[in-house]
Amino acid sequence: MVFINGSVLFTSSMSDHVRNIAILGSTGSIGRSTLDVVAASRERLRIVGLTANSRLDLLCEQASRFRPSWIVAADADHARSFNWSTKPSNSELLLGSEGIRSLVSRPEVDIVVAAIVGSAGLTGTWAALEAGKTVALANKETLVMAGPQVMQLATERGAKILPVDSEHSAVFQAMEAGRRQDVKRIILTASGGPFREHTAAQLAQVSVEEALAHPTWDMGPKITVDSATMMNKALEIIEARWLFDLAPDQIDVVVHPQSIVHSFVEFRDGSVLAQLSPPDMKLPIQYALTYPERWDCPSPKMDLARAMSLDFEPPDLDRFPAIGLGHEVARVGGTAGAVLNAANEAAVAGFLAGQLSFTEIVPACRSVLDNHQFDANPTLERLIELDTWARQEVTRWVCT
Ligand code: NDP
Ligand code: MG
């Protein structure tokens with residue numbers, strides 16, 4: 001029997017039955033990797049629901065292959081103008097966020113993979129936790145935005161959150177080697193992104209194309225830009241703060257360009273444990289689906305017969321000020337996470353649209369964060385209002 005946050009996760013009987021999975025965001029990078037994992041273990045993992053936003057052709061293709069009972073088109077207007085002739089007849093079509101809510105609360109669903117990008121992922125994750133489901137959480141923005149509220153809901157409903165983010169999966173795995181009260185700190189690894197060695201002047205000139213070319217990970221565009229600014233690490237500091245209930249000063253960051261060591265846990269006796277694997281999301285995704293078991297996984301394996309070096313260096317907080325913002329927001333909590341997250345989403349969208357330069361992304365977030373009306377104990381409604389407000393503020397910032 002295994003415990004997280006004081007509650008039972010899985011008992012041994014769990015291992016015998018097929019796990020029914022709904023993927024929120026099945027057409028994205030994490031969604032597609034999840035389907036690869038399921039395809040490799042079809043006798044024990046079954047897809048019962050898939051959701052997409054714009055790529056409805058791909059959703060139909062996925063539905064033809066995995067035969068889910070339900071598919072959801074999150075953008076109801078887009079869905080109404082789409083030709084559904086390739087949709088399998090036995091997959092029922094649901095629409096909009098109501099469709100996502102309805103899918104995740106079905107009794108047939110055991111595990112919800114939260115793989116929608118951005119704060120758009122909050123509704124589905126929230127509904128899954130409300131329904132007491134196990135959530136394999138890729139959508140870190142949910143915890144950045146509303147960490148205390150989300151964790152409290154999970155506790156109240158007896159729902160489980162298992163990390164998919166590779167660093168958090170690594171921490172989760174390494175923590176299993178010791179007692180929670182003996183954890184001194186965690187050290188999140190960061191690849192450093194494509195601009196790790198750029199000077200400040202070079203950073204000011206980078207193009208969208210360069211920012212989208214990540215050296216080690218193949219991911220969706222938003223998180224790829226976040227990795228380049230290192231805002232991804234800021235979001236991960238905040239994610240770890242709530243997910244593992246750590247004090248912000250127990251969370252450190254080290255740059256590790258090879259992306260082989262996915263994070264470290266240091267225990268009080270000075271012992272440091274790490275989890276290693278080639279940079280591929282299928283392993284952390286599968287571990288969240290099979291926990292506490294380990295199955296054969298269709299991910300690349302470590303080849304320790306081959307010479308390799310693993311490098312570690314401290315992050316440069318001047319060239320990558322996002323990391324400082326992450327620590328600051330993890331410390332103050334309240335409304336700061338929702339504001340930082342929304343400002344960043346809007347600023348990244350602005351950068352991708354050519355309205356904002358790469359080095360303006362973090363200052364835009366800083367400015368919106370500094371100008372917001374801080375509340376230490378916000379309601380979820382207030383966080384959603386601030387999400388809208390922060391996006392408008394970034395638009396204003398871009399126009400001035
Ligand atoms: P992608 O951009 O590749 O995919 C995003 C998914 O979300 C797609 O299925 C997309 O649908 C759907 N989506 C987008 N907007 C909406 C919306 N408004 N409503 C409903 N669905 C929507 O992102 P990733 O897979 O890279 O990332 C997903 C999440 O996982 C992010 O939170 C990211 O931070 C996290 N993550 C990703 C990692 C990775 O390796 N990619 C690693 C660790 C965490 P459609 O394509 O049909 O438009
Ligand atoms: Mg990560």
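One-based numbering, in listed order, for ligands and for the atoms of each.
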Asker: So, is D165 polar-close to ligand 1, with some N/O to N/O distance under 3.5 Å?
Answerer: no
Asker: Can any side-chain N or O of Q286 pair as donor or acceptor with the backbone N or O of W295 at less than 3.5 Å?
Answerer: yes
Asker: Using only heavy-atom distances, determine whether the side chains of H262 and S277 contain a donor-acceptor pair under 3.5 Å.
Answerer: yes
Asker: Please list the nearest protein heavy atom to atom 48 (O) of ligand 1 with its residue and the distance rounded to 0.1 Å.
Answerer: S54 OG, 2.6 Å
Asker: Tell me whether ligand 1 is touched by A115 - counting only heavy atoms on the residue side and a distance under 4.0 Å.
Answerer: yes
Asker: Around atom 15 (N) of ligand 1, find the nearest protein heavy atom and jot down its residue, atom name and distance.
Answerer: N53 ND2, 3.6 Å
Asker: With side chain to side chain contact (heavy atoms under 4.5 Å, CB included) as the test, would you mind laying out the steps for D110 and T134 before giving the verdict?
Answerer: CA-CA 6 Å; D110 298 317; T134 294; over 6 Å; no
Asker: Under 3.5 Å, is there a donor-acceptor pair between the side chain of S263 and the main chain of V171?
Answerer: no
Asker: Of the choices K140, M219, E141, H78, which has the non-hydrogen atom that lies closest to atom 32 (O) of ligand 1?
Answerer: E141
Asker: Considering just N/O/S atoms, say which atom of E167 is closest to the Mg ion (ligand 2).
Answerer: OE1
Asker: So, do W242 and H168 have ring centers that fall under 6.0 Å from each other?
Answerer: no
Asker: List ligand 1 atoms under 4.0 Å from A74, heavy atoms only on the residue side.
Answerer: 19 (N), 20 (C)
Asker: What's the shortest heavy-atom distance between F312 and V254, and which atoms?
Answerer: CB-CG2, 3.9 Å
Asker: Please check this pair: side chain of T335 against backbone of D375, looking for a donor-acceptor N/O pair closer than 3.5 Å.
Answerer: yes
Asker: Less than 4.0 Å between a side-chain N and a carboxylate O, is that true for R331 and E328?
Answerer: no
Asker: For ligand 1, find out whether one of its N or O atoms is nearer than 3.5 Å to an N or O atom of P221.
Answerer: no
Asker: For atom 33 (C) of ligand 1, what's the nearest protein heavy-atom neighbour? Residue, atom name and distance, please.
Answerer: I223 CD1, 3.9 Å
Asker: Report the nearest protein non-hydrogen atom to atom 38 (C) of ligand 1: residue, atom name, distance rounded to 0.1 Å.
Answerer: I30 CD1, 3.5 Å
Asker: Is a side-chain donor or acceptor of S41 paired with a backbone partner of V38 at a separation under 3.5 angstrom?
Answerer: no
Asker: Considering only heavy atoms of A52, which atoms of ligand 1 have at least one such atom less than 4.0 Å away?
Answerer: 47 (O)
Asker: Can you find an N or O of T51 that's nearer than 3.5 Å to an N or O of ligand 1?
Answerer: no
Asker: Can you check whether G28 has an N/O within less than 3.5 Å of an N/O in ligand 1?
Answerer: yes
Asker: Relative to the heavy atoms of A138, which atoms of ligand 1 are at a distance of less than 4.0 Å?
Answerer: 30 (O), 32 (O), 35 (C), 36 (N), 44 (C)
Asker: Testing the 3.5 Å rule here: is there a donor-acceptor pair between the side chains of E210 and S207?
Answerer: yes
Asker: Does any N/O atom on G220 come nearer than 3.5 Å to any N/O atom on ligand 1?
Answerer: yes
Asker: Going by the angle between their ring planes, with limits at 30° and 60°, are F195 and H198 parallel, tilted or perpendicular?
Answerer: tilted
Asker: Compute the shortest N/O to N/O distance between R55 and ligand 1 and return yes if it is under 3.5 Å, no if not.
Answerer: yes
Asker: D218 to ligand 1: N or O pair under 3.5 Å?
Answerer: no
Asker: For N139, take its heavy atoms, then give the atoms of ligand 1 lying under 4.0 Å from any of them.
Answerer: 32 (O)
Asker: Kindly report the OE2-the Mg ion (ligand 2)-OD1 angle for E236 and D165 respectively, rounded to 10°.
Answerer: 100°
